[in-house]
Participant: 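This structure is in C-alpha cells; I'll ask about it shortly.
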There are 2 protein chains.
Amino acid sequence: MRRTVKATGPLYARLAQDLKNEIQSGRLQPGDMLPSEAALCQQYGVSRGTVVRAFDMLLREGLAQRRQGVGTFVARQSLHRKPGYLLSFTAGVRNQGRQPSQQFLDIARLARRDVIQFGCDEPAVILERLRLVDGIPWAIHKHIVPASVAAQIEELTIQAGKPHARLLEESNFSLFEAFAEAGFSVDHADEILRARIAGERDAGLLQMAAGEAVMQVHRKSFDAKGRLLEITEGVYSGGSYTYEAHLVSSRGLTEVLFAGDTPRQT
Amino acid sequence: MRRTVKATGPLYARLAQDLKNEIQSGRLQPGDMLPSEAALCQQYGVSRGTVVRAFDMLLREGLAQRRQGVGTFVARQSLHRKPGYLLSFTAGVRNQGRQPSQQFLDIARLARRDVIQFGCDEPAVILERLRLVDGIPWAIHKHIVPASVAAQIEELTIQAGKPHARLLEESNFSLFEAFAEAGFSVDHADEILRARIAGERDAGLLQMAAGEAVMQVHRKSFDAKGRLLEITEGVYSGGSYTYEAHLVSSRGLTEVLFAGDTPRQT
DNA sequence: CAGTGGTCTAGACCACTGG
DNA sequence: CAGTGGTCTAGACCACTGA
C-alpha cells in the first residue's frame, strides 16, 4: 500500500495531488493514459469512490479527460492551468517561470459610505499596486479589504498616516499569503470581466497609449460563512491579458463548467 | 417515493434539476435552507451518495452553498447563472426573459489551408451572424464548422453557392440545437477572452463608435473523443457584455473553480 | 446534545470501447 | 470478449454547528 508525501487533507485530494505531480513534472505526458481506477484502488488501498473523486478534481481543472470504455488521459494543452489568479498573482507568475514584482502605489482608509456601494458594509482599507512581470508593467490591482479583516494583516495597518514599512520594501508581498497566514481562507468568489478603454492614468502606468483597450476584472472573495474578505479590481492591457476558460459539460446535463484564468504574453 | 418530471439521465442529475427548478421558480429563496441530505434520501428513495452528487452540481453552478454542521442553502445572487452561453445564445437570452433574434451575414466554404491555423485540419464552413437582443445588435458570431460536421446539418449546406433557405428565413436558428439534433454533443470547450478596440466593421454592425472597446471571445468545442466540433468567435461591445464567473474553492485544496458566462445590460 | 455535512468503504450492475 | 468508466447502494465514522 503506497502512501503519499502530503499527509493532510482528504484521501481523494492527496491522490489527486499525486496525479497532478505526475502530470506537471512531465512524467505523464499529454495524451498518456492515467492508471485505471482499479489500478489506483489497489496501489493506494482505497475504494473506487475515492479514486473517482480524485479524477473529478483533475477533470474540473482541465488536467484530464475521461472516456467511458477507454480510460482517463492527460489533457492536451495542460499549460496555463493555474486558476485563482488575482488572489495569487505572485504564485501564478512564478508558476510560469517568470518573475513577479510590484510597485506600491497607494494605501488609504475608506469610510463605510465610500465602500457600501461595493457591498462592503464597514470601513475598509484600499491598497493599490502596480504589478510587473519580468519588470514589465502588467496590471494595476486595487484591493478593498474590510477593516476587520485588514486589522489582522500587519502590512495593511496604517500608522500615523504612513503605510507599513514592509509594504514599501517587499517587492513580493502577497496578499494571498497574508490572508492565509492570518487564518482567512477564501471559500468562493465572484468575478466580472469587462472590456473598456484605458484612461490616461491606466495607460501611463501600464505604458500603453491612451485609447487602447483594457480588460477590467472585478472580483469579490468570501469565506465559508459568506463574509466578504476582499474586493479586487484589476486592470490589464487588452493585448497582454487573456482570460482562458476550460469548460466541461457535466455528465448529467449540458452545463457544469470549469474555468481558470491566466495572463499570457501576446 | 416521489418521482420527478424528467425521466432521463442519471438520478443525481434529475434530483439536481428538481432542486434547480425549486430555486429558479422562486419557491426556494436565496438564503433558504435546502432539504437535508437525510430528508432527500427518504423523499427520493436514493442513497446519500446520490444526493451529495446532486448538491455538487448545484455548488459548481453557484446555486447553493453548503456549511458543515449547518445545512445547504440557496446562494445569494442566483441571477445570471446560465453557463454555456456562446453555444446557446438563443436559449440563454430567452432564459433572461428577453427576445433573441439574428441577421444572417455570410456563409462560405473555407479550404483546409485557411482554417488549419485554427486547429481545424479539414475544410470547413464559416457562418457569420449578427445576434440581437430585443432588437438591439448585441454580438457578431462567426462559427467555423468542419465540413464533416457541417454536412450533417441541413442549414449549413450550400447549394449552388447559395445558403440554405432556412438560414435566411429563420430568425431563431440555433446552432446548438442543430448540433444536438444531428447527434453531436459537446463534451468540453476552451474559451479565451480578450479586450480589443472595435474595427470599423464591428462598430458599424454593433452600432457603436469605432475606437470603443469590445470583448472578443474565442471558443473551441470538442466532443468526447476530442474531435473538433466548432470554433466560435464572438465580438461583443465592451459595455454590454460582461463575463461573470463564480469561483469555488474545492474542499481538498485551494484551486478548483466553476465559471459561468453571461451577457448583461449595463 | 441532535442534526448537519465531509469522507470513505466494499460491494453491485450497467454502458461503452476496442481488439 | 475483457477492460474501462458511469452510476448507485447501504452502510460507517468523523467533524462541525447551534441550541
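First the proteins, then the strands, lettered A, B, ... as listed; each starts at 1.
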Participant: Assuming nearest nucleotide by heavy-atom distance, tell me which of A:Val70 and B:Arg67 is located more 5' along DNA chain C.
Facilitator: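 Going by which nucleotide is closer to the 5' end, it is B:Arg67.
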Participant: Can you measure B:Gln68 atom CD to C:dA2 atom C1' for me and round it to whole angstrom units?
Facilitator: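 Spelled out: CD on B:Gln68 to C1' on C:dA2 is 15 Å.
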Participant: Considering only C:dG5, D:dT4, D:dT9, which nucleotide approaches the side chain of A:Ser36 most closely?
Facilitator: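 For A:Ser36, the side-chain atoms sit closest to D:dT4.
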Participant: Could you please name the option among D:dG6, D:dT7, D:dA15 that lies closest to any side-chain atom of B:Pro10?
Facilitator: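 The closest nucleotide is D:dT7.
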Participant: Would you say a side-chain N or O of A:Thr50 is under 4.0 Å from OP1 or OP2 of C:dT7?
Facilitator: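 Checking C:dT7 against A:Thr50, no side-chain N or O comes under 4.0 Å of OP1 or OP2.
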Participant: With respect to the phosphate group of C:dG6, does any side-chain polar atom (N or O) of B:Arg66 fall under 4.0 Å of OP1 or OP2?
Facilitator: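 Checking C:dG6 against B:Arg66, a side-chain N or O does come within under 4.0 Å of OP1 or OP2.
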Participant: May I have the distance from A:Leu58 (atom CG) to D:dG5 (atom P), rounded to whole angstrom?
Facilitator: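 To the nearest whole Å, that distance equals 13 Å.
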Participant: How many whole angstroms separate atom CG of B:Leu11 from atom P of D:dC8?
Facilitator: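 Going from CG in B:Leu11 over to P in D:dC8 covers 4 Å.
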Participant: For D:dT7, take OP1 and OP2 only and decide whether either is under 4.0 Å from a side-chain N or O of B:Tyr12.
Facilitator: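 For B:Tyr12, the contact criterion (side-chain N or O under 4.0 Å from OP1 or OP2 of D:dT7) is met.
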Participant: Would you find a donor on one side and an acceptor on the other, under 3.5 Å apart, between the side chain of A:Ser25 and the backbone of A:Asn21?
Facilitator: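 Flag set: sc A:Ser25 to bb A:Asn21 pair under 3.5 Å.
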Participant: Closest-nucleotide mapping onto DNA chain D: is A:Arg48 or A:Gly69 further toward the 5' terminus? I mean the 5' end.
Facilitator: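 Its nucleotide being nearer the 5' end, the pick is A:Gly69.
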Participant: By nearest atom, which of the nucleotides D:dT7, C:dT17, D:dG5 is closest to the A:Glu37 side chain?
Facilitator: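 The answer is D:dG5, which lies nearest to the side chain.
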Participant: Send over the distance from B:Asp223 CG to C:dT17 P, rounded to a whole Å.
Facilitator: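 Computing the B:Asp223:CG to C:dT17:P distance gives 11 Å.
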Participant: Say whether A:Tyr44 and A:Asp18, considering side chains only, have a donor N or O and an acceptor N or O under 3.5 Å apart.
Facilitator: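 Yes, side-chain donor-acceptor contact under 3.5 Å.
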Participant: Rounding to 10°, can you tell me the angle the first-five-pair axis of the helix from C:dC1-D:dG18 to C:dG18-D:dC1 makes with its last-five-pair axis?
Facilitator: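 Rounded value for the end-axis angle: 10°.
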Participant: Going from OG1 on A:Thr90 to CG on A:Leu175, what distance comes out if it is rounded to the nearest 0.5 angstrom?
Facilitator: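 A:Thr90 OG1 to A:Leu175 CG: 9.0 Å, rounded to 0.5 Å.
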Participant: Whole-Å distance between C:dT9 P and A:Leu40 CG?
Facilitator: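 Taking CG of A:Leu40 and P of C:dT9, I get 13 Å after rounding.
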Participant: Please determine whether a side-chain nitrogen or oxygen atom of B:Thr72 lies at a distance below 4.0 Å from atom OP1 or OP2 of C:dG5.
Facilitator: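 It does, given that an N or O in the side chain of B:Thr72 lies less than 4.0 Å from OP1 or OP2 of C:dG5.
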Participant: Pick from A:Lys142, A:Arg219, A:His143: which one makes a side chain to side chain donor-acceptor pair (under 3.5 Å) with A:Thr232?
Facilitator: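 Of the listed options, the one satisfying the test is A:His143.
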Participant: Rounded to the Å, how far apart are B:Phe55 CZ and C:dT4 P?
Facilitator: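 Between P of C:dT4 and CZ of B:Phe55: 11 Å.
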Participant: Check the distance between C:dA10's P and A:Gln42's CD and give it to me in whole angstrom.
Facilitator: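 To the nearest whole Å, that distance equals 13 Å.
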Participant: Would you kindly say whether B:His164 and B:Thr157 are connected by a side-chain donor-acceptor distance under 3.5 Å?
Facilitator: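 Note: B:His164 and B:Thr157 side chains miss the donor-acceptor criterion.
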Participant: Round to the nearest Å and state the distance from A:Leu15 atom CG to C:dT9 atom P.
Facilitator: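 Checked: the CG to P distance equals 11 Å.
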Participant: C:dG6, OP1 or OP2 - any side-chain N/O from A:Arg53 closer than 4.0 Å?
Facilitator: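 Answer is no, no contact under 4.0 Å.
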Participant: Passes side chain to side chain contact (heavy atoms under 4.5 Å, CB included), B:Phe222 versus B:Leu229? Steps please.
Facilitator: CA-CA 5 Å; B:Phe222 304 87; B:Leu229 288 185; 5.9 Å; no
Participant: Could you state the interatomic distance from CG (B:Leu63) to CE (B:Met57), rounded to the nearest 0.5 Å?
Facilitator: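 Atom-to-atom, B:Leu63:CG and B:Met57:CE are 10.0 Å apart.
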Participant: Considering only NZ, NE, NH1 and NH2 on the basic side and carboxylate oxygens on the acidic side, decide whether A:Glu122 and A:Arg112 come within less than 4.0 Å.
Facilitator: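 Here A:Glu122 does not pair with A:Arg112 in a salt bridge, since their nearest N and O are not under 4.0 Å apart.
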